[in-house]
Amino acid sequence: MKYFFFVLLVLVLWIVIDLHLGSKKRKQTSSSWIETTGNATFIGDGDDFFRQLLSDIDSASQEIQMMFYIFRNDETGQKVIDHLCKKAGSGVLIYLLVDYGGSHGLKKSTITKMRSCGIHFSYSRKISFPNFFTSLNERNHRKITVIDGKIGYIGGFNVGNEYAGKDPKFGYWRDYHLRLTGEAVKGLQDQFVHDWMENHSSPIEAVSADLEKGAETLTFHITNGSDIEKSFASYIDKATTSIKIGTPYYIPGQTVQTSLLRALKCGVSVQIILPMRADHPLVKEASYPYLVELIKAGCEVYQYMNGFYHAKVMVIDDTFCDIGTANFDQRSFHINGEINCLLHSPDFISEIKEVIKKDLLQSERLDLKRLQDRSIGNRMLAPIARLFSPFL
């Protein structure tokens, strides 16, 4: 028995020290800002996303670079693989990078199939020693696709049946994604190459394309467990009239929460859209204390009813819009690798505001009484869920 407790103590100490050193290292990591121009097309529907993506894949003539957090071994995943294999067979260079944790369900036979047809496949953020628990916890949450160095994708969609709206558990899947052209695509390509090279010693053969300036000013914010929280708080602090937020998870921590409460106190209108149902345990319970505080201060919180809401968006006044991969949670703020795109075009901001308006019409407003009438069991779960929020 003494031996058991000794081993348990050593394991706990290892976990605590490992995670502490990992957190300390991430805090010392600076984020990257890339200011550029491009042309952005909004995609919010899974059918539209995969139809356009597969069309662009089929039109590729030189190279496809693709990175996803989740790549399923299901019908949708196999369809994408089949299109990639066909292009690889015609001589197009294909690089597919997926997160080790998010895509652990990929079968070895599927990976063998991809490699045998000519796809360069690799995992990002593999588990390693001696920092086992840090490497297990740190995930590459970015979703980037670059085709022939001329077309780029960034946003919330992954590859799997649920994202195509084919999973009966979730039903319709609502997400926000961008298809980019113009010189902004180079920024996405550079980040893909950087992430690929984390696990490879040989350089990637990246196609260099002549890219023209786009009609819109774009800024990419690339992070690895640092600066998202501070940046989101600074965006909120700049608001003078309205803040619109869409996120599947709202577990922001005190810094962003304080900024929102301050904005509400100054008369800024704040609207938040969340999914009606959760896709992970405890995330709703962890969000409740924050939501109670916001609603009491005058925030309008809505729950999306028409399927699952996975969008990551923030619109500040009519000034700028942020769409990307980062959620309003502790993982995105302090642990994961993320990439967000800030857009400043008045026309694009107006378009996104109309999209959000339509999503609000398919949502139900969450009232304070419903939150306060939660069961005792649910109330008891809330502090436990908040304690484990960095791992949700």
Side-chain angles (χ1 to χ4, degrees), residues 29 31-34 36 38 53-54 56-71 77 80-103 106 110-128 135 138-155 157-159 178-211 218 220-224 324-325 336-341:
T29 304
S31 60
S32 301
W33 297 85
I34 301 173
T36 182
L53 178 65
L54 292 176
D56 286 334
I57 288 173
D58 292 344
S59 300
S61 60
Q62 294 178 280
E63 184 176 70
I64 298 170
Q65 300 157 340
M66 187 176 285
M67 171 166 55
F68 285 100
Y69 173 63
I70 293 173
F71 200 110
V80 173
I81 290 170
D82 288 343
H83 281 254
L84 291 175
C85 279
K86 185 177 180 181
K87 295 310 295 187
S90 69
V92 175
L93 280 169
I94 312 288
Y95 295 92
L96 177 59
L97 182 66
V98 302
D99 180 75
Y100 186 83
S103 300
L106 274 176
T110 299
I111 296 171
T112 300
K113 172 187 173 181
M114 287 191 283
R115 286 175 171 160
S116 64
C117 78
I119 295 174
H120 299 275
F121 172 86
S122 183
Y123 281 114
S124 179
R125 307 285 168 95
K126 296 177 184 176
I127 297 173
S128 60
S135 64
E138 291 180 342
R139 308 272 44 99
N140 190 337
H141 198 239
R142 289 186 272 272
K143 297 98 179 171
I144 294 173
T145 296
V146 177
I147 297 173
D148 287 341
K150 298 177 181 178
I151 299 170
Y153 287 84
I154 175 179
F157 280 111
N158 287 293
V159 175
L178 300 174
R179 181 181 185 270
L180 302 175
T181 57
E183 64 180 5
V185 177
K186 181 66 165 58
L188 296 181
Q189 186 182 56
D190 288 346
Q191 185 56 43
F192 177 89
V193 172
H194 181 273
D195 284 330
W196 180 272
M197 291 302 297
E198 278 189 343
N199 296 295
H200 296 82
S201 57
S202 58
I204 188 171
E205 298 178 42
V207 168
S208 179
D210 293 328
L211 301 172
L218 311 174
F220 293 123
H221 187 200
I222 301 159
T223 60
N224 285 289
T325 67
N336 289 344
E338 307 282 0
I339 179 167
N340 279 32
C341 182

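Everything numeric in this text was worked out from a predicted model, so none of it was measured.
Although no hydrogens or angles enter the test, the distance criterion places a donor-acceptor pair under 3.5 Å between the side chain of S103 and the main chain of Y69. When atom types are taken as modelled, the side chain of K87 and the backbone of A60 share a donor-acceptor pair closer than 3.5 angstrom. Looking only at distances, no side-chain donor or acceptor of H221 sits under 3.5 Å from a matching main-chain atom of S31.
With sequence neighbours excluded, no residue satisfies ring-ring contact (aromatic ring centres under 6.0 Å, His included) with F68. For F121, the ring-ring contact (aromatic ring centres under 6.0 Å, His included) partners two or more places apart in sequence, or in a different chain, are Y123.
Relative orientation of the W196 and Y95 rings is perpendicular, given thresholds of 30° and 60° on the angle between their planes.
Of all heavy-atom pairs spanning M197 and I204, the tightest one is SD-N, 4.0 Å. The two residues T145 and M66 come nearest to each other via the heavy atoms OG1-CG, 3.6 Å. Taking all atoms of both residues into account, the shortest heavy-atom contact from E198 to S124 is OE1-OG, 4.4 Å. Shortest non-hydrogen contact noted between G337 and N224 is CA-OD1, 3.6 Å. C85 and M114 get closest at one heavy-atom pair: SG-CA, 4.5 Å. Contact record, R125 with R142: NH2-NH2, 3.4 Å, taken as the closest heavy-atom pair.
Considering only heavy atoms from C-beta on, I144 stays 4.5 Å or farther from Q65 through its side chain. With a 4.5 Å cut-off on side-chain heavy atoms, I81 and K113 count as touching.
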Checklist entry - What's the verdict on side chain to side chain contact (heavy atoms under 4.5 Å, CB included) for F157 and K143, showing C-alpha distance, side-chain angles and the deciding distance? => result CA-CA 7 Å; F157 280 111; K143 297 98 179 171; over 6 Å; no
Next on the checklist: Determine whether K150 and V185 satisfy the following criterion, side chain to side chain contact (heavy atoms under 4.5 Å, CB included), listing intermediate values before the conclusion.
Outcome noted: CA-CA 6 Å; K150 298 177 181 178; V185 177; 5.8 Å; no
Next on the checklist: Working note: F220 + D190, criterion side chain to side chain contact (heavy atoms under 4.5 Å, CB included); need CA distance, chi angles, decisive distance, verdict.
Outcome noted: CA-CA 11 Å; F220 293 123; D190 288 346; over 6 Å; no
Next on the checklist: Using the rule given for salt bridge (Lys or Arg N to Asp or Glu O under 4.0 Å), can you reason through K86 versus D82, listing the C-alpha separation, both sets of side-chain angles and the distance that settles it, and then say yes or no?
Outcome noted: CA-CA 6 Å; K86 185 177 180 181; D82 288 343; over 6 Å; no
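Note: I222 CD1 to Q191 CD = 4.0 Å, rounded to the nearest 0.5 Å. Distance check, rounded to the nearest 0.5 Å: CG of L218 to OG1 of T36 gives 6.5 Å. Separating the OG atom in S59 from the CG atom in L54 is a distance of 10.5 Å, to the nearest 0.5 Å. In this structure, CG on L93 lies 12.0 Å from CD1 on I119, to the nearest 0.5 angstrom. If you take CG on N140 and CE on M67, they are separated by 5.0 Å, rounding to the nearest 0.5 Å. With values rounded to the nearest 0.5 angstrom, I147 atom CD1 is found 11.5 Å from L188 atom CG.
Each of D99, T110, L97, L96 was checked for a side-chain contact (heavy atoms from CB on, under 4.5 Å) with F71, and the lone residue meeting it is L96. Among V207, I94, D148, I151, the single residue meeting the side-chain contact (heavy atoms from CB on, under 4.5 Å) criterion with I64 is I94.
A donor-acceptor contact closer than 3.5 angstrom is absent between the side chains of T223 and E338. One side chain, D56 or Y153, offers a donor N or O that lies under 3.5 Å from an acceptor on the other.
Annotation: D210, atom CG; neighbour count of heavy atoms from other residues, nucleotides and ligands within 6.0 Å does not exceed 12.
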